[in-house]
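For the numbers below, each heavy atom of this structure counts, side chains included, while hydrogens, waters and symmetry mates do not.
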Amino acid sequence: MTGAGVGDKAGGVPQEDPPLRRGWTTGACATAAAKAAYAALRHGAFPDPVSITLPRGERPAFALAESFFQSDGAASAGVVKDAGDDPDVTHGALIRATVRALPPGSGVVFAAGEGVGTVTLPGLPLPPGEPAINPVPRAMIRAALAEVAGAEADAHVEISIPGGEALARKTMNPRLGILGGLSVLGTTGVVVPYSCAAWIHSIHRGVDVARAAGLRHVAGATGSTSEDAVRRLHGLPEQALIDMGDFVGGMLKYLRAHPVARVTVAGGLAKLTKLAQGRLDLHSRRGGVDLPALAVLAREAGGSAALAARIAEANTALEAFRLAEAEGVALPQAVADRARAVAAAVVEGAPVAVDVALFGRDGALLAVSQ
């Protein structure tokens, strides 16, 4: 990912930003650690670095951060996760695998060690009671162990992430019913910087959990203030709340294919103004509020030409709304109506009713469109 640099120049020519560095998923790190530990059980020595094959055929090598035999005959190996330039909560975490041999025909049995969660609610890719090691990482680990064994391996594989229980509190795992720690995730083995794939994955799983619980109404909120407000507004239970953040498009597109009867999109002025202006990714890196377009909307809502001119030149979206309020123009309602139209278009054809709730910074309800 490159773009014109805004800082250093050489000979007057703008320099490109360095490309963002990719990293490795928790599942890839767990696979490397498990393979090294299993190889040590089979051959008496830990391969370091250890190479694995990713689902798309890449074959990276991982250095071991730790390796040791345990007194009960098990072998443990650990890899420090490098998420590249992605702001991943597990970047720098130690991913440890402890492997024990099992009798022939046992296959590979997975267990959650310290810092790895356990599934407690239906609707996820794994049934309640299972360690939160997702299907693709499980397949990667089985394949890596089979590569060492030359056939299907028979082994007990415990994955642990020291400190993972505290890290998990910064994720959506508790709401999804994954308790006690983190999930071992990854579909490709590669972390693409700022793809926010883990966040979107959690949005999808949140919808799955709500559907499995039989909930007919969910709400996606852009932040904690709007989430608390929409919970109070509709009396929603915890599992009905989808922490969509900036990814309203990711939530709505998933609901189009996996519908619930009703979804409320909840957010503040600036975020929902972006949605009203047709954006489905509300992050600031995608750009700010289009104030001239907001000025046109204010004019359509009954504002004067002078108001529109002031809004077009406003410093912030908040200032624009204050200007409209001073003139008695219901700009929040106009934004909510337009945002609802954009959101409804995404789920068009699916049995999903969409409404929008617009809140102030203090959680006060400013407008509803349904």
Is [Y] paired with [X] through a side-chain N to carboxylate O contact shorter than 4.0 Å?
| X | Y | value |
| --- | --- | --- |
| K253 | E348 | no |
| D355 | R340 | no |
| R175 | E227 | yes |
| E327 | R310 | yes |
| R205 | D208 | yes |
| R138 | E130 | yes |

Taking [X] for the side chain and [Y] for the main chain, is one N or O donor matched with an acceptor at less than 3.5 Å?
| X | Y | value |
| --- | --- | --- |
| T90 | A93 | no |
| D48 | L64 | yes |
| N134 | S183 | no |
| T273 | L269 | yes |

Heavy-atom count around [X] [atom1] within 6.0 Å, excluding the residue itself: above 12?
| X | atom1 | answer |
| --- | --- | --- |
| E325 | CD | no |
| R59 | CZ | yes |
| E238 | CD | yes |

Got [X] and [Y] here, is their nearest side-chain heavy-atom distance under 4.5 Å?
| X | Y | answer |
| --- | --- | --- |
| L145 | V108 | yes |
| L124 | V209 | yes |
| V289 | Q277 | yes |
| T264 | H234 | yes |
| V157 | V109 | no |
| Q370 | R262 | yes |
| I159 | P131 | no |
| V260 | L215 | no |

Applying the 4.5 Å side-chain criterion to the ILVMFWY set and letting contacts propagate, would [X] and [Y] be lumped into a single cluster?
| X | Y | result |
| --- | --- | --- |
| W24 | V80 | no |
| L255 | L176 | no |
| I141 | L126 | no |
| V346 | V335 | yes |
| L297 | L282 | yes |

_Measuring centre to centre across the rings, with the benzene-like ring taken for any Trp, is F46 within less than 6.0 Å of Y38?_
no

From [X] [atom1] over to [Y] [atom2], what is the distance, rounded to the nearest 0.5 angstrom?
| X | Y | atom1 | atom2 | result |
| --- | --- | --- | --- | --- |
| R338 | Q333 | CZ | CD | 12.5 Å |
| L365 | S226 | CG | OG | 11.5 Å |
| R211 | R216 | CZ | CZ | 12.0 Å |
| M172 | D243 | CE | CG | 4.5 Å |
| K274 | T222 | NZ | OG1 | 10.0 Å |
| L94 | S160 | CG | OG | 7.0 Å |

[X] versus [Y], closest heavy-atom pair with distance:
| X | Y | value |
| --- | --- | --- |
| A229 | G363 | CB-O, 3.6 Å |
| A132 | L182 | CB-O, 4.1 Å |
| T187 | V136 | O-CG1, 3.7 Å |
| D154 | P104 | OD2-CA, 3.5 Å |
| T225 | R361 | CG2-O, 3.5 Å |
| G189 | L54 | CA-CD2, 4.1 Å |

*Take R142 and E147, measure what side-chain contact (heavy atoms from CB on, under 4.5 Å) needs, and give me the verdict at the end.*
CA-CA 9 Å; R142 288 191 188 97; E147 184 180 336; over 6 Å; no

*asked:* With side-chain hydrogen bond (donor to acceptor under 3.5 Å, both in side chains) as the criterion, how do S76 and E66 come out once you've worked through the C-alpha distance, each side chain's angles and the decisive distance to 0.1 Å?
replied: CA-CA 8 Å; S76 294; E66 63 176 28; over 6 Å; no

*Taking it one step at a time, do I178 and T171 satisfy side-chain contact (heavy atoms from CB on, under 4.5 Å)?*
CA-CA 10 Å; I178 298 171; T171 74; over 6 Å; no

*Audit row: L272, F359, side-chain contact (heavy atoms from CB on, under 4.5 Å) steps and yes/no*: CA-CA 10 Å; L272 291 195; F359 297 99; over 6 Å; no

*Taking it one step at a time, do L275 and L280 satisfy side-chain contact (heavy atoms from CB on, under 4.5 Å)?*
CA-CA 6 Å; L275 176 60; L280 297 178; 3.9 Å; yes

